[in-house]
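Atoms considered below: every heavy atom in the structure, side chains included; atoms not considered: hydrogens, waters and symmetry mates.
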Amino acid sequence: MKKIISLLLVIPMLFTIGCSKENKENENSEGKIKIYTSIYPLYDFAKKVGGEKVDVTNLVPAGTEPHEWEISTSDIVNLEKADMLIYNGAGIENWTDKVISTLENKDIAYVKTSEGLDIHKIGKKDSQEDNKHSHGSYDPHTWLSIKNAKQEMENIKNALVKYDPDNADYYEDNYEKYAKKFDELDKKYSNTLGPIKNKTIIVAHEAFGYLCEEYDINQEGIEGLTPDSEPDPARMRQIIKFAKKNNVKTIFFEELVSPKVAQTIAKEINAKTEVLNPLEGLSEEQINNGEDYFSVMEKNLEVLYESMK
């Protein structure tokens, strides 16, 4: 947070020097709405709904773990040229309040996609996490509920319709196309996971609470809501005991986080490891290969089913 405050103090000077010539030139790309997003799922949703009418940039670079990412001076300068900033607002961004309150561009439309969602309060264990990336009192991983993700895309659609009413039908049509895909994906999850009796998983960090609630899955996190610290020996023993008691044969880890801890536990209990992607960010390779929210959630369903069947 100190870094953010320091950055904000120098932004006015840098913005004046660096953007006097470029602010109009780069404000839009061929008349498109210039949008910045705070995390990958919102980037994906904005591109899908906005289509050819928008120019979307995700602030967190591809392959970067968003819990560890911190906003930079150049990011804030770029935000001054934005038409719209789309952010989750349930706790994953630790910078939005400070940055938004100091931006000089008062014409930016701000879209909080978690608006109207039922946000999970976190348990005592997670609320006392001793790390600088604590989410506060709520679980911010709202998009891992397919129903929530659909609502977040709708919130983005509504914001675009309000900002650009002349193209309202275009945004509505795009949203409706993907709304059907959300419904189909939700139904596939229900049909695939519903018959399974023992639905217990061990994950790197407890990002999957919304998804687990919808499909009656019990998740046990090696860490709490953030993945940026390693468990102590006592916690490792707890997880190993839990895995044996619940006959867990797969330990899940995340692509943007080291698999070392998951591999250690898996070796101890003769289990395998698999990626369960919280969609906090995709790698450059995944983006280049055309991966998106839906393809990753399809893969998540496959590994969940294989681990519990």
Side-chain angles (χ1 to χ4, degrees), residues 39-42 44-45 48-49 88 90 92 113-123 126 138-158 172-221 225 242-243 246-255 271-282 286 290-309:
I39 51 175
Y40 172 77
L42 308 185
D44 189 33
F45 299 165
K48 283 177 165 57
V49 175
N88 173 261
I92 197 166
T113 62
S114 63
E115 195 73 44
L117 302 182
D118 180 17
I119 308 299
H120 290 178
K121 283 193 173 184
I122 63 177
D126 294 324
Y138 298 94
D139 179 355
H141 305 91
T142 52
W143 59 89
L144 288 169
S145 155
I146 297 169
K147 293 181 176 66
N148 280 352
K150 179 182 176 182
Q151 180 63 58
E152 293 192 68
M153 183 182 279
E154 184 174 10
N155 288 345
I156 293 171
K157 179 265 295 180
N158 291 340
E172 293 282 0
D173 289 345
N174 284 347
Y175 168 72
E176 288 301 326
K177 177 174 68 174
Y178 289 105
K180 292 178 182 177
K181 293 193 69 171
F182 281 121
D183 292 341
E184 291 167 359
L185 184 62
D186 181 27
K187 184 177 180 180
K188 187 173 183 179
Y189 262 77
S190 295
N191 291 343
T192 303
L193 301 179
I196 298 174
K197 294 181 178 180
N198 180 23
K199 291 188 280 190
T200 298
I201 60 174
I202 294 177
V203 295
H205 82 290
E206 294 180 350
F208 300 90
Y210 294 95
L211 183 147
C212 289
E213 181 183 66
E214 289 193 350
Y215 308 109
D216 197 27
I217 301 170
N218 174 35
Q219 79 164 341
E220 183 70 19
L225 286 168
F242 178 89
N246 290 277
N247 196 32
V248 174
K249 297 301 182 183
T250 303
I251 308 298
F252 289 111
F253 67 98
E254 301 164 21
E255 287 177 292
K272 65 178 182 177
T273 59
E274 274 288 358
V275 171
L276 190 63
N277 196 327
L279 274 154
E280 293 172 340
L282 298 189
Q286 287 174 309
E291 298 274 3
D292 67 354
Y293 178 89
F294 294 99
S295 66
V296 172
M297 287 295 284
E298 289 275 5
K299 289 183 178 179
N300 281 348
L301 176 58
E302 291 175 12
V303 296
L304 283 170
Y305 175 75
E306 289 297 323
S307 75
M308 298 186 294
K309 68 178 182 179

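For the pair Lys249 and Lys272, the minimum side-chain heavy-atom distance is 4.5 Å or more. Between Tyr138 and Ser114, every side-chain heavy-atom pair lies at or beyond the 4.5 Å cut-off. Side-chain contact between Phe253 and Val275 is present, with at least one heavy-atom pair separated by less than 4.5 Å.
Note: Asn277 CG to Met297 CE = 9.5 Å, rounded to the nearest 0.5 Å. The CG atom of Asp118 sits 11.0 Å away from atom OG1 of Thr142, with the distance rounded to the nearest 0.5 Å. One finds the CG atom of Asp216 at 11.0 Å from the CD1 atom of Ile196 (value rounded to the nearest 0.5 Å). Here the NZ atom belonging to Lys299 is positioned 14.0 Å from the CG atom belonging to Leu304, to the nearest 0.5 angstrom. In this structure, CD1 in Ile251 is found 12.0 Å from CG in Leu276, a value given to the nearest 0.5 Å. Rounded to the nearest 0.5 angstrom, Lys147 NZ and Glu214 CD are separated by 4.5 Å.
Contact check on Asp183 versus Lys187 returns no salt bridge, with no Lys/Arg side-chain nitrogen under 4.0 Å from an Asp/Glu carboxylate oxygen. Between Lys150 and Asp186 there is no salt bridge, since no side-chain nitrogen of the basic residue lies less than 4.0 Å from a carboxylate oxygen of the acidic one.
Of all heavy-atom pairs spanning Asn88 and Thr113, the tightest one is CA-OG1, 3.5 Å. The minimum heavy-atom distance between Cys212 and Ile201, with the atom names listed, is SG-CD1, 4.1 Å. Closest heavy-atom contact between Glu254 and Ala204: OE2-CB, 3.9 Å. In terms of heavy atoms, Trp143 sits closest to Pro278 at NE1-O, 2.7 Å. Pairing each heavy atom of Leu117 with each of Gln151, the nearest pair is CD2-CG, 3.5 Å. Annotation for Ala149 and Phe182: closest pair CB-CE2, 3.7 Å, computed over non-hydrogen atoms.
Using a distance-only test at 3.5 Å, with no hydrogens or angles considered, no donor-acceptor pair links the side chain of Asn218 to the main chain of Thr200. For Asp44 (side chain) and Tyr40 (main-chain N/O), no donor-acceptor pair under 3.5 Å exists by modelled atom type. Side-chain atoms of Gln286 never come within 3.5 Å of backbone atoms of Glu291 as a donor-acceptor pair (strictly under, hydrogens ignored).
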Quick one, His141 with Glu280, criterion side-chain hydrogen bond (donor to acceptor under 3.5 Å, both in side chains). Give me CA distance, side-chain angles, the key distance, then yes/no. CA-CA 8 Å; His141 305 91; Glu280 293 172 340; 2.9 Å; yes
side-chain contact (heavy atoms from CB on, under 4.5 Å) between Lys48 and Asn174, intermediate numbers included: CA-CA 7 Å; Lys48 283 177 165 57; Asn174 284 347; over 6 Å; no
Given side-chain contact (heavy atoms from CB on, under 4.5 Å), test Glu306 with Thr250 step by step and report yes or no. CA-CA 9 Å; Glu306 289 297 323; Thr250 303; over 6 Å; no
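Note on ring orientation: taking the six-membered ring where Trp is involved, the planes of Tyr210 and His120 are parallel (angle under 30°, cut-offs 30° and 60°). Between Phe294 and Tyr178, the ring planes are parallel. Angles under 30° get that label, and only those over 60° would be called perpendicular.
Of the candidates Leu193, Ile146, Ile217, Ile217 is the only one forming a side chain to side chain contact (heavy atoms under 4.5 Å, CB included) with Leu211. Checked options Tyr305, Tyr189, Phe208; the residue passing with Tyr215 is Tyr189 (criterion: ring pair (Phe, Tyr, Trp, His ring centres under 6.0 Å)).
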